[in-house]
Amino acid sequence: MIAISLNGESSQLAAETTVAQLLQQLGYAGKRVAVERNGEIVPKSQHEEARIAQGDRLEIVVAVGGG
Amino acid sequence: MDNLVIAGKAYASRLLVGTGKYKDFAQTKAAVDASGASIVTVAIRRTNIGQDKDQPSLLDALPPSEYTLLPNTAGCYTAKDAVRTLQLARELLDGHDLVKLEVLGDANTLFPHMPETLIAAETLVKDGFKVMVYCSDDPIQARLLEEIGCVAVMPLASLIGSGMGILNPWNLKLIIEQAKVPVLVDAGVGTASDAAVAMELGCDGVLMNTAIALARDPLLMADAMKKAVEAGRQAYLAGRMPKKLYAASPSSPTTGLIG
């Protein structure tokens, strides 16, 4: 298992989890989200290949109401 | 047709609205539709991990295929965060790059932090974004932002969420007179007359959120705002009569008075 920060909270994932797999696990597959890893955007095209590593800081965002 | 043109694209409505502070998505959509707005702002926030994943999302109610979404950087206090937020937004919206930049300087007043705004604007324009920038009503700041390459400048009428209307019409006029890009009033509109006055001053559009969302009857206010923006624009195009201190200029004939 690896320890990461996900949206500011500590989280544990199976090693070698890809971004796509994580989104699947969280129920976000097919939803409009964007992912940032350690301050860099992970483009949708790379979700299948990008493997999350120990200590990674992930941000997953959506559009919400705002002015 | 008197369309609003921003970055080479025409929009039928000169009223832009936000999607915050509504009761639920149904009310948000109803208000947006009542306003007739073409461009609608959204905020970018962390997903709520653990929340029911089948909950409807804002973009289900306001799909990008039907509305021009304008992601904002509300809640950002640094240029770095604003840039990150909009890069995430662009990824979220499949490369859509028309964005609203706002960098705040104070959590109480929500007044814009102009030095950070300029830095963010420069970075974003270089990265290919079409930046509509929320700013103070300072004509020099507005000019600097335009020189950086922002596609629209959006000076405040008064503080975000204050509903105080246009506090400095003179500065607004200065900004409008010098600008070669569209000028939209953003922040502080409280009621229909505020929107009409903005358009009469020569603004190209008005952006508002609280004025509609916190009205007692948001849908009715949304319709009022739609009409106000149209009326103000028409009055501007019609060319108002001059103001005079006194004129002895009655509207009825001065001859043939009964004796």
Side-chain angles (χ1 to χ4, degrees), chain A, chain B residues 16-22 24-25 27-28 32 40-55 57-64 69-75 80 84-85 87-95 100 102 110 134 160-161 186-187 207-213:
Chain A
M1 296 292 276
I2 54 173
I4 62 161
S5 163
L6 175 57
N7 283 0
E9 305 269 327
S10 310
S11 202
Q12 297 263 339
L13 298 181
E16 304 289 297
T17 301
T18 63
V19 168
Q21 285 168 339
L22 176 61
L23 292 179
Q24 181 83 29
Q25 285 164 28
L26 294 172
Y28 298 148
K31 303 260 159 107
R32 272 193 188 275
V33 298
V35 179
E36 188 199 65
R37 183 173 70 175
N38 300 328
E40 307 235 333
I41 308 271
V42 183
K44 212 150 86 171
S45 56
Q46 288 173 25
H47 284 187
E48 298 275 345
E49 289 92 51
R51 288 188 197 286
I52 302 164
Q54 169 74 26
D56 273 354
R57 280 169 302 115
L58 290 181
E59 296 277 351
I60 304 177
V61 299
V62 285
V64 301
Chain B
L16 289 65
V17 297
T19 52
K21 298 180 173 172
Y22 287 103
D24 52 36
F25 293 145
Q27 192 191 49
T28 310
V32 168
V40 170
T41 67
V42 297
I44 304 294
R45 292 287 181 271
R46 287 171 167 169
T47 57
N48 198 344
I49 314 269
Q51 186 186 41
D52 175 18
K53 57 193 193 284
D54 292 319
Q55 285 246 322
S57 71
L58 179 68
L59 264 42
D60 293 330
L62 299 169
L69 299 181
L70 191 66
N72 72 18
T73 59
K80 184 155 177 267
R84 266 175 81 199
T85 300
Q87 286 172 339
L88 280 161
R90 182 170 58 181
E91 166 66 18
L92 187 77
L93 295 172
D94 302 320
K100 169 175 161 175
E102 66 185 271
L110 305 181
Y134 169 62
I160 292 172
D186 177 11
L207 202 164
M208 67 178 70
N209 190 154
T210 310
I212 297 175

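All chains are named by letter (A, B, ...) in the order of the sequence lines, taking the proteins before the strands, and each is independently numbered beginning at 1.
In this structure, chain A has a heavy atom under 4.5 Å from the side chain of B:Leu59, while its backbone stays farther away. For B:Thr47, the parts lying near chain A are the backbone and the side chain together; criterion is any non-hydrogen pair under 4.5 Å. Contact annotation for B:Asn48: only backbone heavy atoms (N, CA, C, O) come within less than 4.5 Å of a heavy atom of chain A. In this structure, the portion of B:Lys100 lying under 4.5 Å from any heavy atom of chain A is its side chain and not its backbone.
The environment of A:Gln25 atom CD is dense: over 12 non-hydrogen atoms of other residues, nucleotides or ligands sit within 6.0 angstrom. No more than 12 heavy atoms of other residues, nucleotides or ligands sit less than 6.0 Å from atom CD of A:Glu48.
Here CD1 of B:Ile49 is found 9.0 Å from CD of A:Glu9. Values are rounded to the nearest 0.5 Å. How far CG of A:Asn7 is from CZ of B:Arg45: 12.5 Å, rounded to the nearest 0.5 Å. Expressed to the nearest 0.5 Å, how far CD1 of A:Ile60 lies from CG of B:Leu88 amounts to 11.0 Å.
Most heavy-atom pairs under 4.5 Å with chain A: of the set B:Arg46, B:Lys80, B:Arg90, B:Arg84, this distinction falls to B:Arg46. Of all the listed residues (B:Leu207, B:Asp94, B:Leu69), the one sharing the greatest number of non-hydrogen pairs under 4.5 Å with chain A is B:Asp94.
For residues 31-42 of chain A, a heavy-atom distance under 4.5 Å to chain B picks out A:Lys31, A:Arg32, A:Val33, A:Ala34, A:Val35, A:Glu36, A:Ile41, A:Val42, given by residue number.
Ionic pairing of B:Glu91 and A:Lys44 is not present here: no N-O contact between side-chain nitrogen and carboxylate oxygen is shorter than 4.0 angstrom.
Here the side chain of B:Thr41 pairs a donor or acceptor atom with the backbone of A:Gly66 at under 3.5 angstrom.
Between A:Ala63 and B:Val42, the shortest heavy-atom distance links the atoms CB-CG2, 4.1 Å. Looking at every heavy atom in both residues, A:Gly65 comes nearest to B:Ala43 through O-CB, 3.9 Å.
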